[in-house]
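Convention: sequence-line order gives letters A, B, ...; per-chain numbering from 1. Heavy atoms only: backbone and side chains are in, while hydrogens, waters and symmetry mates are out.
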Protein chains: 2
Amino acid sequence: MAATQELTKNQSLVFDALTRADGPLSAYTILDQLRENGFRAPLQVYRALDKLLDYGMIHRLESINAFVACSHPHDHSHSHGMIAFAICEKCGQVTEFSDEVITARVREWTKGNGFKPSKTTIEIRGICASCSTA
Amino acid sequence: MAATQELTKNQSLVFDALTRADGPLSAYTILDQLRENGFRAPLQVYRALDKLLDYGMIHRLESINAFVACSHPHDHSHSHGMIAFAICEKCGQVTEFSDEVITARVREWTKGNGFKPSKTTIEIRGICASCSTA
DNA sequence: TTGACTAATGTAATAACATCACATACGAAC
DNA sequence: GTTCGTATGTGATGTTATTACATTAGTCAA
């Protein structure tokens, strides 16, 4: 499984909702948006989100309990590196970037300490450029 | 406000609970532990946690909704740098470290993108050395 | 075609995490 | 002692996520 068109109905609905939104959405916000599509329960959303996370098509922002569509959907180059997120606390915009230096440095630490990493979260909250000039 | 002995009663109780524990605790776990000390409601815990976070005496682990006592309580050297956490998903142990290279690299990114950071989260989940040999 | 298996879905209930709103108490400054 | 800020007590509510169980739909082989 890899491409968008192979998603199930619910997965597509959830993924489309996240793609339409230009910022992170909470699971319950997605649920509300999809009620007209027949969604009734949180689990319908969470199950789809789990799969989409598996497929690497979306990300979970731990610090705000929300989800975003991956902004580099066709770029698998950073899929094994760490992804960092800058989250604007004013407008909600999320910028995704990956940095080899940080990735390498984290890997050094884990190697040096015998720690086997499974998932690494890097989230910077603050005010984005447009919001601080506005 | 800076030192432990200036904490209020509730703040001390919460801080002590976190210090006794040798791993992260959720707010509700703390609440349960402090019922015999008169705690009745979540807010009593959350208010204390907020202050302790302000004072830099504890940290919040965003990825697991839990709190830990700072492991470098007398070391203010890294208090303006970023702190990273390695969280063992097996035993719950949390190792706290700060890395100037990562800190610098994040600062570079934020400067370069006009992003004003307020709080940065770095959390590595995985299996710690003792758990992977055991 | 039937049966067996697997993946996806539907639904209700509940658990886990966090905040709001309002009342009361306490200490310091005047 | 009044005023003011901080801390506290308490119930209700809001938000996020999971458990448990039933049902549906597709695949594949006998």
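- The base of D:dG9 is paired with the side chain of B:Arg47 by a donor and an acceptor separated by under 3.5 Å.
- Set against C:dT19, D:dT18, D:dG9, the side chain of A:Pro42 has D:dT18 as its closest nucleotide.
- Rounding to whole angstrom units, OH of residue B:Tyr46 and P of D:dT10 are separated by 18 Å.
- Atom CG in B:Asn10 sits about 17 Å away from atom P in D:dT6, given to the nearest Å.
- Between D:dT16, C:dA8, C:dA18, one nucleotide has an atom nearer to the side chain of B:Phe67 than all others, and that is C:dA18.
- Between the CD1 atom of A:Ile64 and the C1' atom of C:dC17 there is a distance of 16 Å, rounded to whole Å.
- Computed from coordinates, the B:Gln44 CD to C:dC20 P distance equals 17 Å when rounded to whole Å.
- Distances shown here put every side-chain N or O of A:Arg40 at or beyond 4.0 Å from the OP1 or OP2 atom of C:dG10.
- Nucleotides of DNA chain D nearest to B:Ala48 and A:Ala66 differ in position, and the one nearer the 5' end is that of B:Ala48.
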* To do: Report the C-alpha distance between B:Glu108 and B:Lys111 in whole Å, list the side-chain angles of each, state the deciding distance to 0.1 Å, and finish with yes or no for salt bridge (charged side-chain N to carboxylate O under 4.0 Å, His left out).
  => CA-CA 5 Å; B:Glu108 267 178 61; B:Lys111 274 223 155 90; over 6 Å; no
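- In this entry the distance linking CG of B:Leu34 with P of D:dG9 reads 11 Å, nearest Å.
- In this structure, the CG atom of B:Leu43 is 16 Å from the P atom of C:dA23, given to the nearest Å.
- Between the side chain of A:Tyr28 and the base of D:dA17, a donor-acceptor pair under 3.5 Å is found.
- A donor-acceptor pair is defined here as one N or O able to donate and one able to accept, closer than 3.5 Å; no such pair exists between the side chain of B:Asn113 and the backbone of B:Phe115.
- Atom-to-atom, CG of B:Leu49 to P of D:dA7 comes out at 14 Å; the value is rounded to the nearest Å.
- Residue B:Asn65 places at least one side-chain N or O under 4.0 Å from the OP1 or OP2 atom of C:dA18.
- Taking a cutoff of 4.0 Å between a charged side-chain nitrogen and a carboxylate oxygen, A:Asp50 and A:Arg47 do not qualify as a salt bridge.
- Of the candidate nucleotides C:dT9, D:dA17, D:dT8, C:dT9 has the atom lying nearest to any side-chain atom of A:Lys9.
- Using a 4.0 Å cut-off between charged nitrogen and carboxylate oxygen, B:Arg60 and B:Glu62 count as a salt-bridge pair.
- Atom NZ of B:Lys51 and atom P of D:dG5 are 14 Å apart (whole Å).
- Rounding to the nearest 0.5 Å gives a distance of 10.5 Å between CG of A:Asn10 and CG of A:Leu43.
- Nearest to the side chain of A:Gln11, among C:dG10, D:dA7, C:dA8, sits C:dA8.
- Comparing C:dA18, C:dT11, C:dA8 by their closest approach to the side chain of A:Thr8 singles out C:dA8.
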